Amino acid sequence: MRIPCPHCGDRSHDEFSYGGAADRRRPTTADFGPEWLDYVYLRDNPAGLHRELWYHGSGCRCWLIVERNTLSHAITAVHAVLPASSPAMEDA
Amino acid sequence: MSGDCFSIFTLLRQAWTGQGGLKPMWREPEPKSAYDAVIVGGGGHGLATAYYLAKEHGMSNIAVLEKGWIGSGNVGRNTTIVRSNYLLPGNIPFYEHSLKLWEGLEQEINYNAMVSQRGVINLFHSDAQRDDHVRRGNAMRLHGVDAVLLDREGVRQRAPFLDFDHARFPIHGGLLQPRGGTVRHDAVAWGYARAADRRGVDIVQNCAVTGIRVEAGRVIGVETSRGLIRAPRVGLACAGNSSRVAAMAGLRLPIESHVLTAFVSEALKPLINTVITFGAGHFYISQSDKGGLVFGASIDGYNSYAQRGNLPTIEDSCEEAMALIPALGRLRLLRHWSGIMDMSMDGSPIIDRTPIAGLYLNAGWCIGGFKATPASGWCFAHLIARDTPHPVAAAYRLDRFATGHLLDEAGTGADVTMH
């Protein structure tokens, strides 16, 4: 499986670390309840299209959002979490 | 009893008569429109569940529904290791119950499953890791499980070919469970299937469940590719597909599906007469009776339902093999294959009721489901028949993620790539 990094080009997936489902949102409440249970433990775990995070640790050191099919491993879209001009990118 | 039994005499007779007198080991029934209970998933766990439901609880009007064929999933895709060398009080009695069932399995189902108690050695490579293994060994012995601490020479006696003086990971010793070993995995599926079939269980292959029908909070049956099948009790034992099937009932599980690859090498003369695990990585190896080395390592580490892994993981696995046994350098791989693991968020399984009455869940086996097959079936059958958890599986609750009673054997938190 090769991931087309928007900064570095097509790279083997072992240059990246997997960050899991991309659309989980950290709850704003500090109390453990259904929202935290959902965020920490529960997963959609779809068979098919999956939006997920990958960190390109052996390349641009940016977090990417990858749309990948979990049945075939085919990747249909990749984009950086932060735009290339953001201050966080320049620090990296 | 003839035709699907295999004594030396029937084998010899069949050799002279063109194998024409053998009959299938289980029937291929059309599914009935209703059963007392339905098990979704004809893998090792589902078949064992059906067998123990019939044998221990007198329920024979039951069906096992399998979308493919018997033995096509993880029960035919593992590295065949059985052991009960766990650490936590919620885990040890369950896995020890499983090992005891393995010890009596062949007599129980009258099938040669090649149960081989050749021992399992977990290596340690530092003083700190030795302490950790001593703690685990003591926990096992406090639960009445066998555990022996081996020093470096003790390991060398059993496995002289290991790289004891590896520059980064020298071998300091190992924790041995003498009663651990290997079992012929396919035979487990076939043996349980035949034994369940003989007790009247309908094993329905090529029957995919497409929906779970619920009325007023209670399950009433499943929709399948071969029509609606009514049942007041439905047990899900779907391994890597657990999330997909549970979603049919509106449940969202603490599970991610990941791909794990196993390997077998070309055949060698006898080299490894036990099971050895590498303590500085994640790698386990044994030798089959045919001579091939059977080994595996970690999951690839990303969500997958593909039953097919990627090359970096194969490279990693072979590097671990080389770090442990340099003599394997010129050995060729014969084949490798992958299965889909139902990775739970704390690394431990779930055998429990669900919020829907009559719907039961057996899932979250991570990469260690094969060794659990008999006890998983035993405890799931108990749960389905009596609607109460079996005592040795009482910790495998679905609500433990909400209540905080996690069973995190590796102490790594809700990151399935760390289990």
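Residue numbers begin at 1 in each chain, while the letters A, B, ... track the order of the sequences. None of these values were measured; they are calculated from a predicted model.
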Considering only heavy atoms and a distance below 4.5 Å, find which of [options] pairs most often with chain A.
options                         : answer
Pro254(B), Gly404(B), Ser344(B) : Pro254(B)
Ala414(B), Ser304(B), Ser243(B) : Ser304(B)
Val416(B), Leu406(B), Asn241(B) : Leu406(B)

Residue part contacting chain A, namely of [X], when any heavy atom lies under 4.5 Å:
X         : result
Leu251(B) : neither
Arg252(B) : both
Ile255(B) : both

For the [atom1] atom on [X], are there more than 12 heavy atoms of other groups (residues, nucleotides or ligands in this structure) within a distance under 6.0 Å?
X         : atom1 : value
Met322(B) : CE    : yes
His166(B) : NE2   : yes
Arg397(B) : CZ    : no

**Prompt:** Mind checking which of residues 27-43 of chain A sit less than 4.5 Å from chain B, heavy atom to heavy atom?
**Reply:**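 Contacts with chain B: Phe32(A), Leu37(A), Asp38(A), Val40(A), Tyr41(A), Leu42(A), Arg43(A).
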**Request:** Among Ser17(A), Ser12(A), Pro46(A), Gly48(A), single out the residue with the greatest number of heavy-atom pairs under 4.5 Å to chain B.
**Result:** Pro46(A)
**Asked** Looking at Asn69(A), Asn45(A), Asp14(A), which has the largest count of heavy-atom pairs under 4.5 Å with chain B?
**Response** Asn45(A)
**Request:** Just say parallel, tilted or perpendicular for the rings of His73(A) and Tyr302(B), cut-offs at 30° and 60°.
**Result:** perpendicular
**Item:** Between NE2 on residue His13(A) and OG1 on residue Thr313(B), distance to nearest 0.5 Å
**Value:** 5.0 Å
**Separation of Arg244(B) CZ from Asp44(A) CG (nearest 0.5 Å)** = 14.0 Å
